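Report on one structure; see the data block that follows.
Predicted model, so just to flag it, every value in this text is computed and none were measured. In what follows, chains are A, B, ... by sequence order, proteins preceding strands, each numbered from 1. No hydrogens, no waters, no symmetry mates; every other heavy atom, side chains included, goes into these values.
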There are 2 protein chains.
Amino acid sequence: MKEGLAQFNSVFSIDCVIFGFDGGELKILLIERNEEPFKDWWALPGNLVSEDQSLDQSASSILTSLTGLRDIYMEQYYAFGDPGRHPQGRVVTLAYYALIRLGGEKDLHPITTYAKRAVWWSVNDLPKLAFDHKKIFDKGLEKIKRRIKHQPIAFELLPEKFTLTQLQHVYELILGKKLDKRNFRKKMLSFGVLRELNEKQKGVSYRAATLYKFDRRKYAKLFGKEISF
Amino acid sequence: MKEGLAQFNSVFSIDCVIFGFDGGELKILLIERNEEPFKDWWALPGNLVSEDQSLDQSASSILTSLTGLRDIYMEQYYAFGDPGRHPQGRVVTLAYYALIRLGGEKDLHPITTYAKRAVWWSVNDLPKLAFDHKKIFDKGLEKIKRRIKHQPIAFELLPEKFTLTQLQHVYELILGKKLDKRNFRKKMLSFGVLRELNEKQKGVSYRAATLYKFDRRKYAKLFGKEISF
DNA sequence: GCAAAAGTGTTCCCGTTACACCCATGT
DNA sequence: ACATGGGTGTAACGGGAACACTTTTGC
């Protein structure tokens, strides 16, 4: 992304698949590029890695600059480096997925110069993506599918207080299939990592559901025991 | 690993955790470095990636040059890139694990200039490793532990024809625990991916065991069904 | 009173586990 | 004959899957 790139031994970048859940759909955050190559295309947010940052820090700062949020759950999952994946030379990219709470859809400020704007897209209705970003997205989705079966990552997509039905929706969207309500609740509660609150959902025009919290302390105590979905 | 490394935007390399099974122990292949930094230390085999090779090709050629074998099972699993992990500058390394059949222990020819020799070490008795290679190894072992529960990778460590006891040993070594013989056999055979041969083990001073083959065709037909250990 | 989602138990089945003895072979 | 690992079955248990109706609330 610089003149004379080919003279460099190599260049590497980080690209992020940022998942969000808005109550109805599973979404990812895409930026519209404002720079060649792939000007005007939609792409995963990403950046070159600066000299002195660790990879995780670098991914983290992409996330923060884009969303304004800190301490986002994220995980590096693969390196993509086919020669030819970048038209201007050899760029190896390290892919991260991240999961965030979609609150007020508020402040997405692409402070970067290379993006016009950032928009949430439903994963079921993505536009054509720049570079090999489709491949990167596909692998990212596959990874969180596996991950959600063993790790409590669904909570990262939900507000602090959530209903069991919301939680079930997250599982259904990521796994791509319907789950049985009774079995889901029984199993989820059996893990003992949810704390029932004395509080109900508000603003719904039907019976309000009980709110729950994910209890990190209890989860930490289960260390070693695998959750299995 | 070159003068003036710092002037490069970045450098990346590939390091391989090469697992082998010799009938008794789980081993990995280490090289003794013949170059600074970490001259005379033991290290994972690795190399810088050349301009025109894909990452997999590059890993593959490391494996071939070291072992003389082709079509080795391998998988990229993580990128390590802490600034400071390499004393001479920023080097991001892409870690691969590989599984190979330890046959005659024959031809390990470290054709590279930077290694004096290559030796198989038991994973339970490793020397101090150069760079952050211990961390890379640990994560690699963790990955294959997960992987062996869902994918037929144990066969990659065994000769084409093997006994069920040998197969069980591989599982026990990787998972780090004893398994029940009857249950193991029942389950393994129930997957329907092993073909019993009309052939027995030879050269043992006790009752010879039946040999089996892994049947890739049958396995391919199970596509979608997950094996679960 | 109606629409919409919350909330709740039981049964059946199958895969997992635990467990011990005789068999075949080579020395 | 003995030492060594090969090879086999069954019973009890527990988690997963299937399945439908009553309750609460807001409008």
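At distances below 3.5 Å, at least one donor-acceptor pair connects side-chain atoms of A:T93 with backbone N or O atoms of A:S13. Judged by distance alone, the side chain of B:R101 and the main-chain N or O of B:L157 form no donor-acceptor pair under 3.5 Å. Not one N or O on the side chain of A:E196 forms a donor-acceptor pair closer than 3.5 Å with the backbone of A:T210. The main-chain N or O of A:L179 is found under 3.5 Å from a side-chain atom of A:Q168 such that the two form a donor-acceptor pair. The backbone N or O of B:H150 sits nowhere less than 3.5 Å from a side-chain atom of B:E226 that would complete a donor-acceptor pair.
Of the listed residues (A:K143, A:R146, A:R147), just one forms a salt bridge (charged side-chain N to carboxylate O under 4.0 Å, His left out) with A:E75, and that residue is A:R147.
Under the 6.0 Å distance and 45° angle rule, B:K139 does not count as a cation-pi partner of B:Y77.
For the pair A:Y212 OH and C:dA6 C1', the computed distance is 10 Å after rounding to whole Å. In this structure, A:L167 atom CG and C:dG7 atom C1' are separated by 16 Å, rounded to whole Å.
Between B:Q201 and A:S228, it is B:Q201 whose nearest contact on DNA chain D lies nearer the 5' terminus.
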Quick one, give me the B/S/- string for nucleotides 19-27 of chain C, reading 5' to 3', where B means a protein heavy atom under 4.0 Å from the base and S means that only happens at the primed atoms, P, OP1 or OP2. BB--BBBS-
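Residue A:T163 is classed as having no contact, given no heavy-atom separation below 4.0 Å to the nucleic acid. A:T165 comes within contact range of the sugar-phosphate backbone alone, with a heavy-atom separation under 4.0 Å but no base atom that close.
Under the 4.0 Å criterion applied to side-chain N and carboxylate O atoms, A:E160 and A:R216 are not assigned as salt-bridge partners.
First and last contacting nucleotides of DNA chain D toward chain A (any atom under 4.0 angstrom from a heavy atom, 5' to 3' order): D:dG16 to D:dG26.
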